[in-house]
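First up is the structure itself, then whatever we jot down about it.
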Amino acid sequence: MPSPQSHHFVLNGSDDLTYRLAQQLSDRYRTDVVVLMTTSQQAPGRDFSDLPRVRLIVTDVVDERALQEAGLATASGLALTVQDDVGNLSLALLARELAPTTRLVVRMYHTALGHGIEALLGNARVLSDAEIAAPELVATALGEVAATPVQVGMRTLVVAPREAVAPQDVVCGLADLDPAGGPDVLPADDRTADLVLAEQRGPASRWETTLGLGKVAPKRPSRLSQLATFLGALVSRKTRIAVTLVLGLIVVAGYALGRSLGEPGWDGFYAAATAVLGGPEPTPAYHRSQQALQLLLGLAGLAFIPLVTALVVEGTVRARLAVAQLRLSQPRAGHVVVVGLGGVGTRVLRLLHDRSISMLAIAQNEDDRGVALARELNIPLIIGDPARETTMRQAGVDRCKALMAVDRSDVANLQTALYGRKLQPNLRVVLRLFNPDLAERVRTTFDLPLSRSVSNLAVPAFAEALMDREVIGTISVDRRVLLIADVYVAPGSPLAAETTVAVNQPGRVRVIAVTEFGEPRPLWKPSPLRRVRERDKLTVVASRDGLTELTARAARA
């Protein structure tokens, strides 16, 4: 338990990102954490009781008194991670009044606004978890390994398969993707890595590789499936069932009546049709079974006429709605289906649209964040439940290139993925899953290897920003995250005088550049025998543990 006078971190939030951030600060960095939330945030939020160095404060409202109770005055940093841009900004201004020098990290969806206020707040960083995670989700869905390009010095670095780049452009090896136990990141021998960090020359390009499932050519929709899609958009399932039952009853009873009268063919059909459309008339010549069939046909006729009227009215209304939602367009094939239009799904839509990739979006509610964007960009949109097969068929999941289940619920995303695989067994599915144990079970049991956690992808950037470390970019390799960061060698650091090869640690740290004190440009691919000097800036690719250890070694002794 952190005391009010201890140096600790204060977090305001209750969701997955807040939990992972508290977990990383307490477990990985061995620091005390105070999590501050309101009673309304606690109910749907996560349980922090399993984190031993975390103290939870629940209050009616997060105000000046609550921040003082959390020990903001002596805190090393404050992270505002609630999904509320306006609320986070207001609380950041209050915190700056109470603690003018405390490090602030603010979660904001609208980063353009956030970056504008970083300088005004001072000693602050604004980040968006959706912006950090969306490029990796899109790259995974398209079978690509290219992460968002990162500017280091005067160079632009990208992630690519080794065979896709010239040998002289390779900066360092990132991972060997072949091992059965998962990728071997930052291998001791760069030559064994088939995934590399390389300098990008010329216009931006993308490289594709298979990370689990092979590419499958989409099936061309048959005329029957096109007709089914068209009728499914015009007539509801309940109406189709009702009409089918009544017509079936008429056919069976009419056939039986015609056989009993000895009038098969047209005469039998005519007798049945007149009973349905004109109403039954007393026929004394009929025996009782024939009269019963005649009455049954009359009752079916009473239901048949209103059903025909309902079909016409419903078809007209649903046709108007379907045209508005672009559901009566030619069935799509080879597109990407995005399910879930929250913050992450909205970012995914924008990235796919910027690359002119054919897509279709599914939202459960009209008020979802990405609905307005989809309509503004003329992206085909379906408002419906993705857990229903009719919705998935309307979206053309049986013919799509990839399915992205990026809703906030693990269960909903898994259900969507299983429905997609039912319609297309070899479908490439990208799952957003928070729970790593569930992700591993899904990977082995359901053969769904492409799962990603938004909070897992984003939390390293939040943690390093909170600790005021210079993280330039993040690289996702499967469910592992590597960081590109600058590490400053302080005077008197035990790291000084060590060789570059001694700084490198397989699987943990790789030095890719050294900037000497007073020099404007970095030295790329430094010699293994070059010695580190005080005030050098090391640009490294490292795991989270490796970066933590290296930063501690680079600090003043």
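It should be emphasised that the depicted structure is a prediction, and the values quoted were computed from it without experimental measurement.
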Report task. List the steps and the verdict of side chain to side chain contact (heavy atoms under 4.5 Å, CB included) for Val540 and Leu550. Result -> CA-CA 10 Å; Val540 302; Leu550 181 63; 3.8 Å; yes
Does the [X] side chain pair with the main chain of [Y], one donor and one acceptor, at a distance under 3.5 Å?
{"X": "Thr59", "Y": "Val62", "result": "no"}
{"X": "Ser455", "Y": "Leu17", "result": "no"}
{"X": "His353", "Y": "Ala374", "result": "no"}
{"X": "Asp536", "Y": "Arg533", "result": "yes"}
{"X": "Asp129", "Y": "Ala458", "result": "no"}
{"X": "Glu534", "Y": "Val489", "result": "no"}
{"X": "Asp63", "Y": "Ala66", "result": "yes"}
{"X": "Asn413", "Y": "Arg432", "result": "yes"}
{"X": "Ser90", "Y": "Gly87", "result": "no"}
{"X": "Arg162", "Y": "Asp194", "result": "no"}

Side chains of [X] and [Y] in contact at under 4.5 Å (non-hydrogen atoms):
{"X": "Arg428", "Y": "Lys401", "result": "no"}
{"X": "Val487", "Y": "Lys537", "result": "no"}
{"X": "Leu403", "Y": "Val430", "result": "no"}
{"X": "Leu80", "Y": "Leu104", "result": "no"}
{"X": "Phe9", "Y": "Leu21", "result": "no"}
{"X": "Thr474", "Y": "Ile484", "result": "no"}
{"X": "Val196", "Y": "Val171", "result": "no"}
{"X": "Asn12", "Y": "Gln41", "result": "yes"}

Rounded to the nearest 0.5 Å, what separation is found between the [atom1] atom of [X] and the [atom2] atom of [Y]?
{"X": "Glu118", "Y": "Met108", "atom1": "CD", "atom2": "CE", "answer": "10.0 Å"}
{"X": "Glu131", "Y": "His110", "atom1": "CD", "atom2": "NE2", "answer": "11.5 Å"}
{"X": "Leu457", "Y": "Ile132", "atom1": "CG", "atom2": "CD1", "answer": "9.0 Å"}
{"X": "Arg452", "Y": "Leu137", "atom1": "CZ", "atom2": "CG", "answer": "8.0 Å"}
{"X": "Ser14", "Y": "Phe48", "atom1": "OG", "atom2": "CZ", "answer": "6.5 Å"}
{"X": "Leu186", "Y": "Cys172", "atom1": "CG", "atom2": "SG", "answer": "6.5 Å"}

Do you know the tightest heavy-atom contact between [X] and [Y]?
{"X": "Ser26", "Y": "Leu51", "answer": "OG-CB, 4.5 Å"}
{"X": "Leu195", "Y": "Pro161", "answer": "CD1-N, 4.2 Å"}
{"X": "Thr102", "Y": "Leu78", "answer": "CG2-N, 4.1 Å"}
{"X": "Ala461", "Y": "Leu127", "answer": "O-CD1, 3.6 Å"}
{"X": "Asp410", "Y": "Leu433", "answer": "OD1-CA, 3.5 Å"}
{"X": "Ala363", "Y": "Val371", "answer": "CB-CG2, 3.8 Å"}

Requested in this report: Check the pair Asp47 / Ser49 against side-chain hydrogen bond (donor to acceptor under 3.5 Å, both in side chains), numbers first and verdict last.
Outcome: CA-CA 6 Å; Asp47 183 9; Ser49 61; 2.9 Å; yes
Query - Residue pairs, two or more places apart or on separate chains, that pass salt bridge (charged side-chain N to carboxylate O under 4.0 Å, His left out) and touch residues 84-104 - result: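 For residues 84-104: Arg103-Asp468.
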Requested in this report: Flag the pair Glu69 and Arg55 as a salt bridge only when some basic side-chain nitrogen lies within less than 4.0 angstrom of an acidic carboxylate oxygen.
Outcome: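 Looking at Arg55 together with Glu69, the answer is no, because their closest N to O distance does not fall below 4.0 Å.
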Query - Salt bridge Arg53-Asp32, side-chain N to carboxylate O under 4.0 Å - result: yes
Side-chain polar contacts of residues 338-351 - donor-acceptor pairs under 3.5 angstrom, sequence neighbours left out - could you list them?
from, atom 1, to, atom 2, distance (Å)
Thr346, OG1, Gly342, O, 2.6
Thr346, OG1, Gly370, N, 3.2
Arg347, NH2, Tyr109, O, 2.3

Modelled atom types, side-chain donor and acceptor of [X] and [Y], under 3.5 Å:
{"X": "Thr38", "Y": "Gln42", "answer": "no"}
{"X": "Asp15", "Y": "Thr18", "answer": "yes"}
{"X": "Tyr29", "Y": "Asp545", "answer": "no"}

Query - Thr81/Arg107 under side-chain hydrogen bond (donor to acceptor under 3.5 Å, both in side chains): CA gap, chis, key distance, verdict - result: CA-CA 5 Å; Thr81 57; Arg107 177 187 191 179; 5.2 Å; no
Qualifying residues under side-chain contact (heavy atoms from CB on, under 4.5 Å), relative to [X], sequence neighbours excluded:
{"X": "Pro522", "answer": "Ala513, Thr515, Trp524"}
{"X": "Thr101", "answer": "none"}
{"X": "Gln364", "answer": "Asp385, Pro386, Asp407"}

Requested in this report: Step by step, work out the side chain to side chain contact (heavy atoms under 4.5 Å, CB included) result for Val442 and Leu431.
Outcome: CA-CA 10 Å; Val442 166; Leu431 273 172; 3.8 Å; yes
Query raised in the report: How far apart are the C-alpha atoms of Thr31 and His8, what are their side-chain angles, what is the distance that settles it, and do they pass the side chain to side chain contact (heavy atoms under 4.5 Å, CB included) test?
Result: CA-CA 6 Å; Thr31 60; His8 58 282; over 6 Å; no
Query - Residue pair Leu89, Val106: steps toward the side chain to side chain contact (heavy atoms under 4.5 Å, CB included) verdict - result: CA-CA 8 Å; Leu89 177 57; Val106 185; 6.0 Å; no
Show which side-chain atoms of residues 495-512 pair as donor or acceptor with protein atoms under 3.5 Å away, not counting sequence neighbours.
from, atom 1, to, atom 2, distance (Å)
Glu498, OE1, Arg553, NH2, 2.6
Glu498, OE2, Arg553, NH2, 3.1
Thr499, OG1, Ala502, N, 3.3
Thr500, OG1, Ser527, O, 3.4
Thr500, OG1, Arg530, O, 3.1
Asn504, OD1, Val511, N, 2.8
Arg508, NH2, Glu549, OE1, 2.9
Arg510, NH1, Asp190, OD1, 2.4
Arg510, NH1, Asp190, OD2, 3.3
Arg510, NH2, Pro187, O, 2.7

Report task. Would you please test Arg375 and Glu366 for salt bridge (Lys or Arg N to Asp or Glu O under 4.0 Å) and show each step? Result -> CA-CA 11 Å; Arg375 288 174 174 160; Glu366 284 277 357; 3.0 Å; yes
